[in-house]
Number of protein chains: 2
Amino acid sequence: MTKKEISSRNKDQSMQKLIDAVSTIILRDGFKGIGINAIAKEANLDKVLIYRYFDGLNGLLREFAKQKDFYINISNLIQDEIENAQKHELKNLIAKVLKEQLRGLRDNKELQELMLWEMVEKNELTDAIAKEREEKGYELSSKLKEKMDLNNNESDAVMAILVSGIYYLVLRSRTVDVFNGISLNSEKGWQQIENAIQMIVNTYFDSIKN
Amino acid sequence: MTKKEISSRNKDQSMQKLIDAVSTIILRDGFKGIGINAIAKEANLDKVLIYRYFDGLNGLLREFAKQKDFYINISNLIQDEIENAQKHELKNLIAKVLKEQLRGLRDNKELQELMLWEMVEKNELTDAIAKEREEKGYELSSKLKEKMDLNNNESDAVMAILVSGIYYLVLRSRTVDVFNGISLNSEKGWQQIENAIQMIVNTYFDSIKN
DNA sequence: ATTTTATATCACTAACTGGTGACAAATATA
DNA sequence: TATATTTGTCACCAGTTAGTGATATAAAAT
């Protein structure tokens, strides 16, 4: 063990402490808690280091985002399923993808906070993350469309509504318990949502198959 | 004209100035702009009056909300239509209600800001407004369900997703231009969304009619 | 062992926040 | 006209924010 590794004076280690502090604050206080002073305090380091090592808050957030994957990943399993799916199976696959998005976002509080942040104000970080998600999401959406031989744009709008609905319900569940009679803090409520997603997808894509 | 009416010293007038300032700030800067100092400055009055006349910011916001109607009103016309509708017409009526919600929210920037505020933090004002909307919304939803002889809860969840989708898309359009390939800053894009709503409602409610 | 460099802390600024007590001026009441 | 009340302004407080220049100290290089 070299001196540097055990030392309290270690740039890399300090940088990581600052990055970790961002995560800690987001999980504990939400995106509103993010700030130069709060981060430095949480990391037990002086705030001047944020300017020195990251050239300010934006730079730090950029590094923070780099270390996380803030795109809701469609599992490779499903990617393959899509690739090899027969046309008639795709309907169920779409529902499956949507449900995975729902669960993925529900399980990822950091991402929830960032998505909320995106909605409230534009900044370098939120723009970058949103852009990446839009691209990957539309890519997936297009692939599904292609596989189903759809050339209309109606299904894009249908998917937009469903994904948006999922986003809103998860984000709203942070601060409210019931939406349109559906409980947003119980598994039962989310099961109802998942069933509804399945039904909408079934009925819509059945209708356009003809 | 009495002395009081032309005077610059008029409590009622000052109170109204403060209430109006809240509105002005929300429209110009969003809910983030709301604050004791900013409101006083906007109203050209001293902030101490907010404490004296409204017992603080919460009281002022309460009066502000009282003067506005922050529930997206379903027009009386549609209320009547629902009341007198035949069962087979209700499907179209549901789509119509949803589209009216979309347009209503799009046209109401103040409400957009308040809904965003609701998602970010709980406070007296946002709780009250959200509660009212939940109640009125579920009431309408229940009436439609009753008229259609639906006793399952699936349609509640389906409606929840559709309404949520509408909310998210409108709120997101404040800070982003494209969502899943759909333009959120052009009439064309919103027309696609409306069409998709119509299609989802048609195909879903057709399927459960049997 | 001495100097140089890298790392981190400290102490401060200026601008902002919500909040309050003392005062001034206009109006109403006697 | 004299007094009381209402209405509004001012000046300050303590706490927070982002940002910076000077300084201390640990480690590396000579």
Side-chain angles (χ1 to χ4, degrees), chain A residues 1-22 24-26 28-64 117 120-126, chain B residues 1-22 24-26 28-64 117 120-126:
Chain A
M1 209 174 202
T2 72
K3 215 166 184 178
K4 189 166 191 177
E5 281 172 290
I6 58 166
S7 168
S8 63
R9 297 213 160 194
N10 182 323
K11 185 178 176 180
D12 289 345
Q13 187 180 292
S14 294
M15 288 176 83
Q16 193 55 48
K17 271 191 190 171
L18 289 167
I19 293 172
D20 292 343
V22 172
T24 304
I25 291 173
I26 287 181
R28 191 188 55 217
D29 310 320
F31 75 88
K32 281 191 318 167
I34 294 297
I36 291 283
N37 292 310
I39 293 168
K41 190 178 179 185
E42 180 65 38
N44 270 311
L45 289 168
D46 198 279
K47 62 179 167 181
V48 81
L49 300 183
I50 297 173
Y51 296 101
R52 209 172 286 164
Y53 294 155
F54 300 98
D55 198 32
L57 184 57
N58 268 344
L60 171 56
L61 294 178
R62 205 159 28 225
E63 291 306 310
F64 162 74
W117 202 358
V120 174
E121 58 185 350
K122 290 177 81 69
N123 65 45
E124 205 186 310
L125 174 66
T126 59
Chain B
M1 209 174 203
T2 73
K3 216 168 186 178
K4 188 165 191 177
E5 281 174 288
I6 57 164
S7 168
S8 64
R9 296 212 161 195
N10 182 324
K11 185 178 177 181
D12 290 344
Q13 187 179 292
S14 293
M15 289 176 83
Q16 193 56 47
K17 272 190 189 171
L18 289 166
I19 293 171
D20 292 343
V22 172
T24 303
I25 291 173
I26 287 181
R28 192 189 54 217
D29 310 322
F31 73 90
K32 281 191 317 166
I34 294 298
I36 292 282
N37 291 311
I39 293 169
K41 189 178 178 186
E42 180 64 38
N44 270 310
L45 288 167
D46 198 279
K47 61 180 167 182
V48 83
L49 299 184
I50 296 173
Y51 297 100
R52 210 175 284 166
Y53 295 155
F54 300 97
D55 197 34
L57 184 57
N58 266 345
L60 172 55
L61 294 178
R62 209 163 21 232
E63 291 307 310
F64 162 75
W117 202 358
V120 174
E121 60 185 349
K122 289 176 82 69
N123 65 45
E124 203 187 310
L125 174 65
T126 60

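Note that these values count all heavy atoms, side chains included, but never hydrogens, waters or copies made by symmetry. Keep in mind it's a predicted model, so treat the numbers as computed, not measured. Just so it is clear: chains get the letters A, B, ... in the order the sequence lines come, proteins before strands, and each one is counted from 1.
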K.L.:
Of all heavy-atom pairs between B/G33 and B/A38, which one has the smallest distance, and what is that distance?
P.N.:
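Scanning both residues, the minimum pair turns out to be O-CB, 3.5 Å.
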K.L.:
Nearest-Å distance, CG (B/N37) to P (C/dA15)?
P.N.:
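Atom-to-atom, B/N37 to C/dA15, this comes out as 15 Å.
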K.L.:
Name the nucleic acid region contacted by A/L45, choosing base, sugar-phosphate or nothing; use a 4.0 angstrom heavy-atom cut-off, strictly under.
P.N.:
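Sugar-phosphate contact only - A/L45 comes under 4.0 Å of backbone atoms but never of a base.
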K.L.:
Take the protein atom NZ of B/K41 and the nucleotide atom P of C/dT17, then report the distance between them rounded to whole Å.
P.N.:
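From B/K41 NZ to C/dT17 P: 8 Å.
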K.L.:
Once you apply a heavy-atom cut-off of 4.0 Å, does B/G56 come out as touching a base, just sugar-phosphate, or nothing?
P.N.:
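Since no nucleic acid heavy atom lies under 4.0 Å of B/G56, the category is nothing.
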K.L.:
Do the non-hydrogen side-chain atoms of B/E63 and B/M15 ever get within less than 4.5 Å of each other?
P.N.:
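B/E63 vs B/M15: side chains apart.
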K.L.:
Please enumerate all protein N or O atoms sitting under 3.5 Å from an N or O of nucleotides 1-4 of chain C, with distances to 0.1 Å.
P.N.:
none

K.L.:
Measure the distance from CG on A/D46 to P on D/dT25 and round it to the nearest whole Å.
P.N.:
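Going from A/D46 (CG) to D/dT25 (P), I get 15 Å.
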K.L.:
State, yes or no, whether a side-chain contact exists between A/I34 and A/L57 at a heavy-atom distance under 4.5 Å.
P.N.:
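Yes, at least one pair of side-chain atoms sits under 4.5 Å.
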K.L.:
How many whole angstroms separate atom CG of A/L57 from atom C1' of D/dA18?
P.N.:
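Answer to the nearest Å: 10 Å.
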K.L.:
Would you indicate whether the side-chain heavy atoms of B/K47 and B/I39 approach each other to under 4.5 Å?
P.N.:
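No. Closest side-chain heavy atoms not under 4.5 Å.
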K.L.:
Phosphate oxygens OP1/OP2 of C/dT7: is one of them under 4.0 Å from a side-chain N or O of A/S14?
P.N.:
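Answer is no, no contact under 4.0 Å.
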K.L.:
Let's see if you can work this out: which of D/dA24, D/dG21, C/dA26 has an atom nearest to the side-chain heavy atoms of B/R9?
P.N.:
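Within the option list, the nearest is C/dA26.
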K.L.:
List for me each residue that meets salt bridge (charged side-chain N to carboxylate O under 4.0 Å, His left out) alongside B/K32, sequence neighbours excluded, and say none if there are none.
P.N.:
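Applying salt bridge (charged side-chain N to carboxylate O under 4.0 Å, His left out) to B/K32 gives A/E121.
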K.L.:
Looking at residues at least two apart in the chain, or sitting in another chain, which of them share a ring-ring contact (aromatic ring centres under 6.0 Å, His included) with A/Y53?
P.N.:
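Once residues adjacent in sequence are excluded, A/Y53 has no partner under the ring-ring contact (aromatic ring centres under 6.0 Å, His included) criterion.
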K.L.:
Send over the distance from B/N44 CG to D/dT7 P, rounded to a whole Å.
P.N.:
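Answer to the nearest Å: 19 Å.
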K.L.:
State whether a side-chain donor-acceptor pair under 3.5 Å links B/D20 with B/Q16.
P.N.:
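B/Q16 and B/D20 do have a side-chain donor-acceptor pair below 3.5 Å.
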K.L.:
Between D/dC10 atom P and B/L49 atom CG, what is the distance in whole Å?
P.N.:
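Those two atoms, CG and P, are 12 Å apart.
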K.L.:
Please report the distance, rounded to the nearest Å, between CZ in B/R52 and P in C/dG19.
P.N.:
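Value for this atom pair: 15 Å.
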K.L.:
In this structure, how many angstroms lie between the P atom of D/dC10 and the NZ atom of B/K47, rounded?
P.N.:
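In whole Å, D/dC10 P and B/K47 NZ are 13 Å from each other.
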